[in-house]
A.B. asks: 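Here it is, the structure, as structure tokens.
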Amino acid sequence: MRKMRTQRAIAVLASVLLVGGVAACGNSDTGGGSKDDGKITMGFSQVGAESAWRTANTTSIKESAAAAGVELKFDDAQQKQENQIKAIRNYIQQKVDVIAFSPVVESGWDTVLKEAKDAGIPVILTDRSVDSADKSLYKTFLGSDFVKEGKLAGEWLVEQKKGATGPVNIVELQGNTGAAPANDRKKGFGEAIAANPNLKIIASQPGDFTRAGGKQVMEQFLKANPKIDVLFAHNDDMGLGALEAITAAGKVPGKDITIITVDAVKDGMQALADGKFNFIAECSPLLGPQLMDLAKKVHAGETVPARIETEETTFTQEQAKEALPTRKY
Ligand code: AHR
């Protein structure tokens, strides 16, 4: 009798252990409801398609995501901040692993960045930064030093005009109002020429980083100002648009008007090699590989540097001729 009771007790204990074991296995199979297949999903909000630089940047991001095995959700904001905010909110709802974006303007991001932070989704800024005081709202900023680009452009001009005795009239084509590269390039250029009283910015207007904008604003500059010696365009596309206006006004670009731009995309480099532009400060759009690498690191909880600056150079007409055959974008 005693033996039978002991056998029944062992059987009950075994079945309890067995059921418990199956239940435990079941829990670990479902992983508490979150399936982790090791693949990262990135939600990316792009500024738009305003320039050749932007097109090259989009290609770099799409190709690098595919190469790195990152599932990319891509949105083109068509130059509108409200579209970027909407896209970021969609990515939060979809519970993507990482959000990356290039902010069309610097200000007004705190609320949506806080929403991403509260949802536990890391944000990476790429190409352009934001002016949020709370740096914990994003993990890192990968991109160029736009102030430096403006400075390099200004320093080259100061060197070229150091013997000038009379006034040197400069017109400036800015990027879209409120954008980091427009604010910063203006600042850097202004600081570089400040010490030379002959160098004067006589007109400065946004051309929105587009060829059409560059052409239209340059036409106005030419009408309003009989003597223009220098054009500083915040990107190649606006400089290329301005070439049309300058030629139509009967002037020779690169000779009658010295033209300085930023980016060094192929068409800009061709204009420089052809003698129509005089100097370009490079801004690299090939940010995709570094962005994917950072996404993997922040997703894995690794600490990444708060600022990663893109390596860039400058080009004279001779250097453009040499670099053109192997130019990637
Ligand atoms: O943010 C980078 C700038 O945006 C590039 O210089 C310009 O071409 C682009 O539109």
Side-chain angles (χ1 to χ4, degrees), residues 44-61 76-81 83-84 100-107 109 124-131 141-154 172-189 205-215 217-218 231-243 259-272 277 279-288 290-291 307-315 327-329:
F44 187 89
S45 169
Q46 180 60 289
V47 168
E50 73 281 8
S51 61
W53 188 100
R54 188 64 55 197
T55 307
N57 181 244
T58 294
T59 304
S60 171
I61 285 157
D76 176 338
Q78 300 181 350
Q79 313 290 324
K80 293 202 173 84
Q81 183 175 32
N83 289 347
Q84 290 203 292
F101 78 115
S102 171
V104 61
V105 290
E106 277 189 294
S107 302
W109 298 101
I124 300 175
L125 303 177
T126 175
D127 162 35
R128 300 179 180 183
S129 191
V130 298
D131 63 5
F141 165 41
L142 163 70
S144 310
D145 181 340
F146 299 132
V147 176
K148 189 161 136 196
E149 290 167 355
K151 215 171 213 159
L152 289 168
E172 181 180 31
L173 283 168
Q174 300 172 32
N176 61 288
T177 306
N183 296 340
D184 293 355
R185 287 172 188 164
K186 180 167 188 47
K187 181 173 185 274
F189 185 81
Q205 292 285 325
D208 295 339
F209 284 126
T210 66
R211 281 196 193 206
K215 182 178 177 211
V217 178
M218 192 67 203
L231 163 65
F232 172 45
H234 288 187
N235 79 343
D236 286 340
D237 278 73
M238 290 190 293
L240 291 163
L243 286 184
I259 302 179
I260 306 165
T261 66
V262 184
D263 276 358
V265 296
K266 265 187 190 155
D267 286 356
M269 291 289 272
Q270 189 63 60
L272 186 59
F277 284 0
F279 187 73
I280 302 181
E282 185 185 40
C283 177
S284 174
L286 306 179
L287 303 175
Q290 274 174 296
L291 176 61
R307 174 76 170 101
I308 299 162
E309 201 181 307
T310 318
E311 276 181 34
E312 284 156 355
T313 183
T314 58
F315 294 97
R327 200 74 189 145
K328 289 197 182 71
Y329 55 92

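Every value quoted in this text rests on a predicted model; they were computed, and no experiment measured them. Below, each value reflects all heavy atoms present in this structure, side chains not excepted, and no hydrogens, waters or symmetry copies. Counting starts at 1 for both ligands and their atoms, following the listed order.
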A.B. asks: Give the residue, atom name and distance (to 0.1 Å) of the protein heavy atom nearest atom 2 (C) of ligand 1.
C.D. replies: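 Checking every protein heavy atom, the shortest distance to atom 2 (C) of ligand 1 gives Asp127 OD1, 3.3 Å.
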A.B. asks: Return the residue, atom name and 0.1 Å-rounded distance of the protein heavy atom closest to atom 3 (C) of ligand 1.
C.D. replies: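 Ranked first by proximity to atom 3 (C) of ligand 1 is Arg128 NH2, 3.8 Å.
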A.B. asks: What is the minimum heavy-atom distance between Ala153 and Phe279, and which atoms define it?
C.D. replies: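 So the minimum-distance heavy-atom pair works out to CA-CE2, 4.1 Å.
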A.B. asks: Given side chains that start at C-beta, do those of Asn57 and Gln46 come closer than 4.5 Å, heavy atoms only?
C.D. replies: yes
A.B. asks: Tell me which one of Asn57, Val104, Asp263, Thr126 gets a heavy atom nearest to atom 8 (O) of ligand 1.
C.D. replies: Asp263
A.B. asks: If you take all heavy atoms of Arg307 and Gly143, which pair is closest and at what distance?
C.D. replies: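 Where Arg307 meets Gly143 most closely, the heavy atoms are NH1-O, 2.9 Å.
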A.B. asks: With atoms numbered from 1 as shown, which atoms in ligand 1 lie under 4.0 angstrom from a non-hydrogen atom of Glu50?
C.D. replies: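 Per the distance check, 4 (O), 9 (C), 10 (O).
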A.B. asks: Can you see whether Glu172 engages His234 through a side-chain donor-acceptor pair at a distance of less than 3.5 angstrom?
C.D. replies: yes
A.B. asks: Does a donor on one side chain and an acceptor on the other come within less than 3.5 Å for Asn176 and Gln79?
C.D. replies: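 Side-chain D/A pair, Asn176 to Gln79: absent.
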A.B. asks: Is there side-chain contact between Trp53 and Asp127, with heavy atoms separated by less than 4.5 Å?
C.D. replies: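 Yes, their side chains come closer than 4.5 Å.
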A.B. asks: Using a strict threshold of under 4.0 Å (side-chain N to carboxylate O), is an ion pair present between Arg54 and Asp237?
C.D. replies: no
A.B. asks: With a 4.0 Å cut-off on heavy atoms, is Gln79 in contact with ligand 1?
C.D. replies: no
A.B. asks: Report yes if some N/O of Trp53 lies less than 3.5 Å from some N/O of ligand 1; otherwise report no.
C.D. replies: no
A.B. asks: Going by the atom numbers of ligand 1, which of them fall below 4.0 Å from some non-hydrogen atom of Pro181?
C.D. replies: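 Checking each atom against Pro181, I get 1 (O).
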A.B. asks: Before signing off on this row, confirm whether Ser51 and ligand 1 have an N or O atom pair separated by under 3.5 Å.
C.D. replies: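 Checking ligand 1 against Ser51, an N or O pair does fall under 3.5 Å apart.
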A.B. asks: With heavy atoms under 4.0 Å as the rule, classify the contact between Glu149 and ligand 1 as side chain, backbone, both or neither.
C.D. replies: neither
